[in-house]
Amino acid sequence: MKKIQVEIWSDILCPFCYLGKRRLEKALAKFPHANEVEVKWRSFELDPNANPEPGVSQYALLASKYGKPEEWARQMSANMAQSAAEEGLTFDFDRAVPANSLRAHRLVHLAEQHGRQDAAKERLFKAYLEQGLDINDVPTLARIGNELELPTAEVEQLLTSNAFEQEVRHDEYQARQIGVRGVPYFVFDDKYAVSGAQPTELFQEVLEKVWEEARPQPIQLAGSDGASCDINGNC
């Protein structure tokens, strides 16, 4: 039987995406059929043209984006960090290095070829949101590739070319086709969509619903002697 597929459009620069990842993982930990679920990450760039000036803080960029004071951006980030802490994450926006995320998305696609996609996504989220690393920096990504035990030659080739950019663009094209306007965006078995870092309980409900619909229980028919028969006539 085909596994249930969960596709997740996300950007590594998106704190809600890391939060959503953790909440889905908690739902899967409680789901009795988790081994029958396959999670696939899809690329989505919140700002494909991002080219932040060196030294500009995350707070300054956030304030500028929404036309708000920097103090507002700091408070919003503090609230986000508190929500993350409740899920066991330690966001550090003071150290966050604004960056373009294309190279990092391409590295995730390479990792997928070696069965390390989820590990790559986790490592890059942590690098950006917790460790203050520049996820557009070539040496930094090379080190992360090494930590993920990806072939050194393939990582070097990726970082000196446009390898996997078409795969990123294809993910983003698919996102436009299904109307994704923000991330994280979860699609379960091409049937149900969940937008945002929703509570763990909601992910549990969707998983259970998809499982029940994908594997319906046999219809039971009452036999003349009070026993039962299934739909195939086995009594």
Side-chain angles (χ1 to χ4, degrees), residues 2-29 31 33-46 48 84 87-91 96-97 99-175 180 183-189 197 203 207:
K2 178 178 175 290
K3 288 188 175 184
I4 291 173
Q5 185 171 79
V6 182
E7 296 176 276
I8 312 170
W9 275 265
S10 74
D11 194 354
I12 295 146
L13 301 177
C14 167
F16 287 103
C17 293
Y18 200 6
L19 189 62
K21 180 179 190 294
R22 198 56 90 241
R23 288 175 177 172
L24 175 65
E25 288 168 346
K26 289 186 176 182
L28 285 169
F31 185 56
H33 312 290
N35 62 331
E36 295 296 322
V37 177
E38 180 180 57
V39 175
K40 185 175 180 64
W41 291 93
R42 300 290 192 183
S43 300
F44 189 99
E45 297 170 276
L46 289 170
E87 303 296 341
L89 301 171
T90 54
F91 290 179
V97 179
N100 186 293
S101 60
L102 177 58
R103 277 199 185 112
H105 282 297
R106 290 167 49 220
L107 183 64
V108 173
H109 277 281
L110 172 62
E112 180 183 10
Q113 290 198 340
H114 297 278
R116 302 286 290 160
Q117 189 190 43
D118 190 78
K121 201 73 177 185
E122 176 74 21
R123 183 65 188 91
L124 288 163
F125 274 137
K126 185 176 184 66
Y128 175 69
L129 290 162
E130 298 189 338
Q131 298 178 322
L133 298 179
D134 184 350
I135 61 163
N136 189 40
D137 179 64
V138 169
T140 297
L141 291 176
R143 288 196 301 273
I144 289 175
N146 182 62
E147 289 177 25
L148 294 168
E149 299 182 340
L150 301 178
T152 301
E154 293 183 32
V155 173
E156 290 178 352
Q157 195 274 333
L158 178 142
L159 295 174
T160 56
S161 71
N162 294 324
F164 294 101
E165 183 170 349
Q166 287 303 311
E167 285 79 354
V168 173
R169 301 302 177 215
H170 181 67
D171 284 352
E172 293 173 336
Y173 168 77
Q174 287 185 307
V180 178
V183 289
Y185 193 89
F186 305 78
V187 176
F188 294 76
D189 251 9
F203 287 124
L207 285 167

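Below, all heavy atoms of this structure are taken into account, side chains as well, without hydrogens, waters or symmetry copies.
Heavy-atom minimum distance, Ala104 versus Leu141: N-CD1, 4.2 Å. Summarising the geometry of Ile8 relative to Phe186, their closest heavy-atom pair is CG1-CD2, 3.6 Å, with the distance given to 0.1 Å. Listed here is the closest heavy atom pair of Leu24 and Val39: CD2-CG2, 4.5 Å. The two residues Ala197 and Phe16 make their nearest non-hydrogen contact at CB-O, 3.4 Å. The nearest pair of heavy atoms linking Ala99 to Asp134 is CB-OD1, 3.5 Å. Ala127 and Ile135 make their closest contact through CB-CG2, 4.3 Å (heavy atoms, listed as atom of the first residue, atom of the second, distance).
Counting heavy atoms from C-beta outward, Val6 and Leu28 have side chains that stay 4.5 Å or more apart. When side chains are defined from C-beta on, Glu130 counts as touching Leu89, because their heavy atoms get closer than 4.5 Å. Ser43 places none of its side-chain heavy atoms less than 4.5 Å from the side chain of Glu167. Between Val168 and Asp171 there is no side-chain heavy-atom pair separated by less than 4.5 Å. Annotation: side chain of Gln131 is in contact with side chain of Arg123 (closest heavy-atom distance under 4.5 Å). The side-chain heavy atoms of Trp41 and Glu112, taken from C-beta on, include no pair separated by under 4.5 Å.
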Stepwise side chain to side chain contact (heavy atoms under 4.5 Å, CB included) check, Val187 with Gln174:
CA-CA 12 Å; Val187 176; Gln174 287 185 307; over 6 Å; no
I would like to know whether Lys21 and Ser10 meet side-chain hydrogen bond (donor to acceptor under 3.5 Å, both in side chains); could you show each step before the answer?
CA-CA 10 Å; Lys21 180 179 190 294; Ser10 74; over 6 Å; no
Can you list the steps and then say if Lys126 with Ile144 is a side chain to side chain contact (heavy atoms under 4.5 Å, CB included)?
CA-CA 11 Å; Lys126 185 176 184 66; Ile144 289 175; over 6 Å; no
Can Val155 and Leu110 be said to form a side chain to side chain contact (heavy atoms under 4.5 Å, CB included), step by step?
CA-CA 8 Å; Val155 173; Leu110 172 62; 4.0 Å; yes
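Judged by distance alone, with hydrogens and angles left aside, the side-chain atoms of Asn136 form no donor-acceptor pair with the main-chain N or O of Ser101 at under 3.5 Å.
In summary, Arg169 and Glu45 engage in a salt bridge, as defined by a charged side-chain N under 4.0 Å from a carboxylate O. The pair Arg22-Glu122 counts as a salt bridge, with a side-chain nitrogen and a carboxylate oxygen less than 4.0 angstrom apart.
Going from atom CG of Leu129 over to atom SG of Cys14 covers 8.5 Å, rounded to the nearest 0.5 Å. The CG atom of Asn146 sits 10.0 Å away from the CD atom of Glu156 when rounded to the nearest 0.5 Å. Interatomic distance, Tyr173 OH to Gln166 CD, rounded to the nearest 0.5 Å: 13.5 Å. Distance check, rounded to the nearest 0.5 Å: CG of Leu102 to CD of Glu165 gives 5.0 Å. With rounding to the nearest 0.5 Å, the separation of CZ in Phe188 from CD in Glu7 is 11.0 Å. In this structure, NZ on Lys121 lies 15.5 Å from CZ on Arg116, to the nearest 0.5 angstrom.
Checked against the 6.0 Å centroid threshold, Tyr18 and Tyr128 do not count as a close aromatic pair.
Just one of His105, Arg106, Arg103 meets the side-chain contact (heavy atoms from CB on, under 4.5 Å) condition when paired with Phe164; it is Arg106.
Atom CD of Glu149 has 12 or fewer heavy atoms from other residues, nucleotides or ligands within 6.0 Å. Summarising the local packing, CD of Glu147 is surrounded by more than 12 heavy atoms from other residues, nucleotides or ligands at distances under 6.0 Å.
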